[in-house]
There are 2 protein chains.
Amino acid sequence: MSLNLQTHTEHFTNPLYLESGRILEPYDITYETYGTFNDDKSNVVVVCHALTGSHHAAGIYEGEVKAGWWDGLIGPNKAIDTDKYFVICSNVIGSCFGSTGPMSPQHPHHEPYRYKFPVVSIKDMVKAQRILFDRLDIHRVHAIIGGSMGGMQALQFAVHYPNFSNKIISLAATHATQPWAIAFNKVAQESILKDPDFRQGYYDPLLIQEDGLSGMAVGRMAGHISFLSPESMREKFGRDYKRTDGLYELFGKFQIETYLEYNGYNFTKWFDPLAYLYITKAINIYDLSRGFDSLSEALKRVTAELHLISFKNDVLFKNFEMKEIADELDAIGNINYTYLDVDSDYGHDAFLVELPKFENNIKDMLNG
Amino acid sequence: MSLNLQTHTEHFTNPLYLESGRILEPYDITYETYGTFNDDKSNVVVVCHALTGSHHAAGIYEGEVKAGWWDGLIGPNKAIDTDKYFVICSNVIGSCFGSTGPMSPQHPHHEPYRYKFPVVSIKDMVKAQRILFDRLDIHRVHAIIGGSMGGMQALQFAVHYPNFSNKIISLAATHATQPWAIAFNKVAQESILKDPDFRQGYYDPLLIQEDGLSGMAVGRMAGHISFLSPESMREKFGRDYKRTDGLYELFGKFQIETYLEYNGYNFTKWFDPLAYLYITKAINIYDLSRGFDSLSEALKRVTAELHLISFKNDVLFKNFEMKEIADELDAIGNINYTYLDVDSDYGHDAFLVELPKFENNIKDMLNG
């Protein structure tokens with residue numbers, strides 16, 4: 001069967017009560033679906049995206065060449081089999097691909113929120129999705145799966161909506177964002193804030209689309225260090241020298257430098273700097289135990305079948321962070337979970353690029 | 001006895017022939033000495049500084065409170081015992097603490113070199129020191145020791161001036177700078193270059209002294225990620241929240257963020273951005289095997305007693321990089337060396353702050 005890719009936006013006028021005590025109203029959520037509902041709507045799989053991901057997780061839009069960010073995993077006969085499952089991926093609130101974020105108009109005005117946008121948390125993102133699913137008359141799903149910030153969302157679903165999903169699969173995530181991850185985000189945030197073209201959030205979106213915000217490019221370069229690993233950088237780049245104008249030219253470049261430049265500056269053409277500030281903030285304040293006496297108390301709420309997947313050389317969300325969740329689950333004792341540490345040298349982005357290393361596990365987790 | 005701290009600057013009018021084929025002339029080298037010569041000048045220990053270090057390695061200047069960067073290691077009865085050794089530490093060429101660098105006047109003009117300054121390499125830094133020692137009538141030394149970029153210099157001495165030092169002690173360094181270290185430097189370089197106040201090297205030094213260059217601050221923040229380790233960040237900062245204005249305020253700060261800000265912005269008040277560009281370039285192009293068929297061929301030149309010290313959780317120059325040197329030395333077979341991997345969680349800066357973990361080793365290496 002075909003992927004049956006559909007893109008929709010739902011509009012909500014009831015206020016979304018946020019963890020901060022503030023409200024967001026009205027708001028939109030843009031989402032994609034793949035596959036079709038079965039008779040009793042029991043075949044829904046929710047996919048959650050990472051920091052700069054979007055609802056476009058699979059398939060290729062007409063006129064484009066680049067597929068969705070997990071296209072290798074989602075589709076007919078793939079690990080998340082759209083012949084079998086109805087898959088939904090929504091753009092998180094705070095982002096910039098259709099769902100309400102800091103550059104959305106602040107109702108009833110037509111001016112963007114900018115800094116007036118409330119800080120949203122991963123829990124808020126999850127709550128908004130829950131409301132979207134209500135609207136779609138989906139009250140229980142087969143599975144929720146995501147990597148990185150998507151994996152955080154999956155875990156928040158498990159703790160805060162324990163009866164909503166049969167299965168939870170969280171990849172390359174953590175129970176609480178650790179200082180080294182906050183540090184990488186800090187470099188990016190500070191770099192954006194100090195870029196004079198950012199103008200404290202009053203940047204010109206058109207200007208940015210053309211030239212990019214160099215502050216965000218620099219910040220994204222730091223991010224890319226955390227997405228790879230020493231091992232994968234050595235493998236991919238080594239000490240290869242890219243430019244021919246000589247090792248002793250001040251601006252001659254190693255391959256790794258060219259890679260960072262390309263990815264840094266290209267990023268500024270497709271992502272919004274205010275959304276970057278808000279989503280990295282959401283990641284920084286993410287702590288699964290917030291509102292509970294301990295991580296253990298939070299995890300005791302889990303009733304779904306829970307699958308934790310870490311990647312051995314992830315330097316952003318280190319494998320021991322997922323292991324810490326597994327250890328807590330062991331201590332609690334009655335939760336049905338698995339923990340898999342994928343033997344990968346790639347680094348954090350392994351959850352996006354090394355699918356052959358874990359796609360069969362995902363398939364088994366979903367179908368088992 | 002006292003430390004006998006003395007600071008001097010030597011002026012050289014003969015050209016310094018650089019690896020690039022360019023020359024530097026004239027040039028100054030500023031250096032410090034501690035202790036006193038013995039009768040036959042056989043008690044000289046050379047200390048080499050890191051990226052942002054200086055010749056001020058020990059003691060406290062009158063009116064200041066902060067001691068030299070290796071004060072815990074250098075002094076009477078310390079591991080590098082100034083009652084026994086005459087210690088010399090010089091500011092590398094390309095730096096900004098008295099030795100000739102990119103903000104020095106370009107002879108015969110009075111305007112700074114800025115981008116016209118030649119790219120210098122670690123080998124060039126070492127060559128300049130060798131010429132300084134000639135001037136001081138020092139033709140052979142007891143030991144050369146340094147950490148990080150200082151450790152690179154020590155290794156370059158071992159390979160290129162094999163008969164100059166009895167002992168070489170290299171800490172927290174590598175045989176060739178790897179792509180992840182280049183990546184951290186790239187973030188800093190790009191951040192400096194894109195700061196409009198940098199003005200392509202035509203920044204106003206007075207303006208910078210007052211406000212600092214935010215681009216360099218951001219770059220330095222990235223650097224600090226590489227100086228610590230996940231373990232030490234967790235230990236030092238955890239998820240402590242510094243400011244009281246609330247977790248849900250966009251600009252509320254975790255302790256790690258405050259730490260990075262303080263160190264980033266403070267750095268801009270005492271280091272020159274052009275020197276940062278040139279010295280990170282020198283580090284990036286550092287490769288002990290350059291000019292030889294292989295690292296092994298380079299290392300075969302070593303005749304000194306060679307001591308390699310790595311730190312277990314160093315994320316900048318990873319411990320396996322030093323081990324790679326040790327493995328080559330093993331394969332060569334007839335070189336007198338030791339390799340010590342210090343069991344430290346601190347990260348790269350352990351060579352500066354965890355002295356008790358290795359100072360006795362240094363003492364034994366020097367005296368044995």
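For clarity, every value in this text was computed on a predicted model and none was experimentally measured. By convention in this document, chain letters (A, B, ...) are assigned in the order of the sequence lines, proteins followed by strands, and residues within each chain are numbered from 1.
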* **Check ion pair R22(A)-E249(B) (N to O, under 4.0 angstrom)** => no

* Using non-hydrogen atoms and a 4.5 Å limit, figure out which bit of Y115(B) sits close to chain A: side chain, backbone, both or neither. => side chain

* Which atoms of L260(A) approach chain B - backbone, side chain, both or neither, heavy atom under 4.5 Å -> side chain

* To do: May I ask you to decide whether E257(B) forms a salt bridge with K281(A), counting only side-chain N to carboxylate O separations under 4.0 Å?
  => no

* Between R290(B) and L247(A), is any pair of side-chain heavy atoms under 4.5 Å apart? -> yes

* Structure fact -> Assert top hit (heavy-atom pairs under 4.5 Å, partner chain A, pool T177(B), L277(B), D195(B)) equals T177(B)

* **Part of P196(B) lying under 4.5 Å from any heavy atom of chain A** => side chain

* Asked: Does any non-hydrogen side-chain atom of E190(B) lie less than 4.5 Å from one of Y265(A)?
  -> yes

* Answer yes or no: are there more than 12 heavy-atom neighbours, outside K116(B) itself, under 6.0 Å from its atom NZ? => no

* **Any donor-acceptor pair under 3.5 Å from R239(A) side chain to N284(B) backbone** => yes

* Answer yes or no: is there a side-chain heavy-atom contact under 4.5 Å between R234(B) and Q178(A)? => yes

* Structure fact -> Rounding to 0.5 Å, atoms CZ (F254(A)) and NZ (K186(B)) come to a distance of 11.5 Å

* Going by heavy atoms in the side chains, are W180(B) and L228(A) under 4.5 Å from each other? -> no

* **Validation row: K318(B), P230(A) side chains within 4.5 angstrom (heavy atoms)** => yes

* For atom CD of E235(B), is the number of surrounding heavy atoms from other residues, nucleotides or ligands below 6.0 Å larger than 12? -> no

* **Test item: Y248(B) and V120(A) side chains (from C-beta on) under 4.5 Å apart, heavy atoms** => no

